[in-house]
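Please read all numbers here as calculations on a predicted model, not as lab measurements.
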Amino acid sequence: MESISPSFLSDQYELILIVSILAALASFYYFMREWKRWRLIQDTPTARLRSAHQGYVELEGQGRFSPDHPIYAPLSNHECIWYHSLIECKQTILHKQRPRTEWKILYQHTSDQSFLLDDGTGTCLVNPKGAEIISNEKLVWYGNTEWPTRTKILESGSTIMALASHYRYSERLILPGQYLYVIGHLKTHAPATEQSIRDITRDLISNWKQNTQQLLERFDTNQDGEIDQAEWEVARQTAQSRAQAIHQQLQHTPEINRVDKPNDNRRPYIISVRSQIELIQKHRRNALMALTGSLGLISYIAWLLHAYG
């Protein structure tokens, strides 16, 4: 039996040491991330929309779609308040002279349409864009056409269907009425303060300029085919008068609460069908596992340095 050269042992020692240090750093980073989320979710008080402060808040309530903007999942056609859709195609490739089957993504889309959260004291719009979304409804089914012909799927397809089909369709859903935990940035928008009379006037004139013929018919009083300075002044006064009426209407429009992703990336934006207690338990468990792994790797690194350093 051939002996292993010292240089080979030295090379392997350095590689193992580097990999172990990187793994320990990654484990410690994951521990810090999960620990911060655990403490943040546990320490942030749950607010009620009726009295919630502006800024970073924690909310709980039922998810509902806006009656004016219903959401339908594009593959299953289920009514929902959020979806992530995926179409994959089965492909057989050669790997080391052996055929191997893998699924190639052909289409994927995630809903970015806002939905309502109702906590019993009020409602707010929730913008899912940029959120970490945890759902518990997942559908997987199969077919032989690029776009599914079967909709309103209620359960996942069988293994036999998977073997016999060339396409796989999957969707993750949040359904109306599901209880949600949301932590993000709350801001109340008052339509009357979002736009001033000056802003509305500018927008009206800008819109009128896009239709030259209509603008001439309305304000070209001398019929010379141009809007002179005096006619522009009439147009401006007309737009200002219309803007004042619009602004007056906006003052009677109710304020809108809206939750979005915080500007501070250190603060997570989470929309979850799991309860606050479940999330706390999950992040605490992940933090403890990562800490255990990190300490174990540090001990292993110390042993390597003592044995071979």
**Worked check of side chain to side chain donor-acceptor pair (under 3.5 Å) between Q240 and R242** = CA-CA 5 Å; Q240 187 174 29; R242 175 61 181 154; over 6 Å; no

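- Nearest approach of N136 to Q178, heavy atoms of both residues: OD1-NE2, 3.0 Å.
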**Request:** Run the numbers on H109 and S85 for side chain to side chain donor-acceptor pair (under 3.5 Å), then give the verdict.
**Result:** CA-CA 5 Å; H109 186 258; S85 302; over 6 Å; no

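- Of the possible donor and acceptor atoms, one in the side chain of Q113 sits under 3.5 Å from a partner among the backbone N and O of H69.
- In this structure, the side chain of K90 engages the main chain of S165 through a donor-acceptor pair within 3.5 Å.
- Environment of CG in L22: crowded, with over 12 heavy atoms of neighbouring residues, nucleotides or ligands closer than 6.0 Å.
- Annotation: side-chain hydrogen bond (donor to acceptor under 3.5 Å, both in side chains) contacts involving residues 15-31, sequence neighbours excluded, are absent.
- Within a 6.0 Å radius of NE2 in H53, more than 12 heavy atoms belonging to other residues, nucleotides or ligands are found.
- By the 30° and 60° cut-offs, the orientation of the rings of Y142 relative to W103 is tilted.
- By the 30° and 60° cut-offs, the orientation of the rings of Y169 relative to Y167 is parallel.
- Using a 4.5 Å heavy-atom cutoff, the side chains of Y181 and E58 are in contact.
- Between the side chain of T292 and the main chain of L288, a donor-acceptor pair closer than 3.5 Å is present.
- Looking at residues two or more places apart in sequence or on another chain, you find no ring pair (Phe, Tyr, Trp, His ring centres under 6.0 Å) involving Y56.
- Looking at residues two or more places apart in sequence or on another chain, you find a salt bridge (Lys or Arg N to Asp or Glu O under 4.0 Å) between R39 and D43.
- Between E88 and the choices Q108, R168, K104, the side-chain hydrogen bond (donor to acceptor under 3.5 Å, both in side chains) rule is met once, by R168.
- Between Y83 and H78, the gap from one ring centroid to the other reaches at least 6.0 Å.
- With hydrogens and angles disregarded, a donor-acceptor distance shorter than 3.5 Å links the side chain of Q62 to the backbone of G177.
- Within a 6.0 Å radius of CZ in R284, more than 12 heavy atoms belonging to other residues, nucleotides or ligands are found.
- Shown here are the side chain to side chain contact (heavy atoms under 4.5 Å, CB included) partners of Q237, two or more places apart in sequence or in another chain: E233.
- Distance alone, capped at 3.5 Å, is enough to place a donor-acceptor pair between the D119 side chain and the L49 backbone.
- Distance alone, capped at 3.5 Å, is enough to place a donor-acceptor pair between the N144 side chain and the H166 backbone.
- With a 6.0 Å radius and a threshold of 12 heavy atoms from other residues, nucleotides or ligands, K282 has its NZ atom above the threshold.
- Listed by chain and residue number, nothing satisfies the salt bridge (Lys or Arg N to Asp or Glu O under 4.0 Å) test with R98 (two or more places apart in sequence, or in another chain).
- The shortest distance between side-chain heavy atoms of Q281 and R274 does not fall below 4.5 Å.
- Under the salt bridge (Lys or Arg N to Asp or Glu O under 4.0 Å) criterion, R258 pairs with D260, not counting sequence neighbours.
- In summary, of the residues considered (L59, V57, T188), a side-chain contact (heavy atoms from CB on, under 4.5 Å) with C124 occurs for L59 alone.
- Under the 30°/60° scheme for interplanar angles, the aromatic rings of F31 and F28 are found to be tilted.
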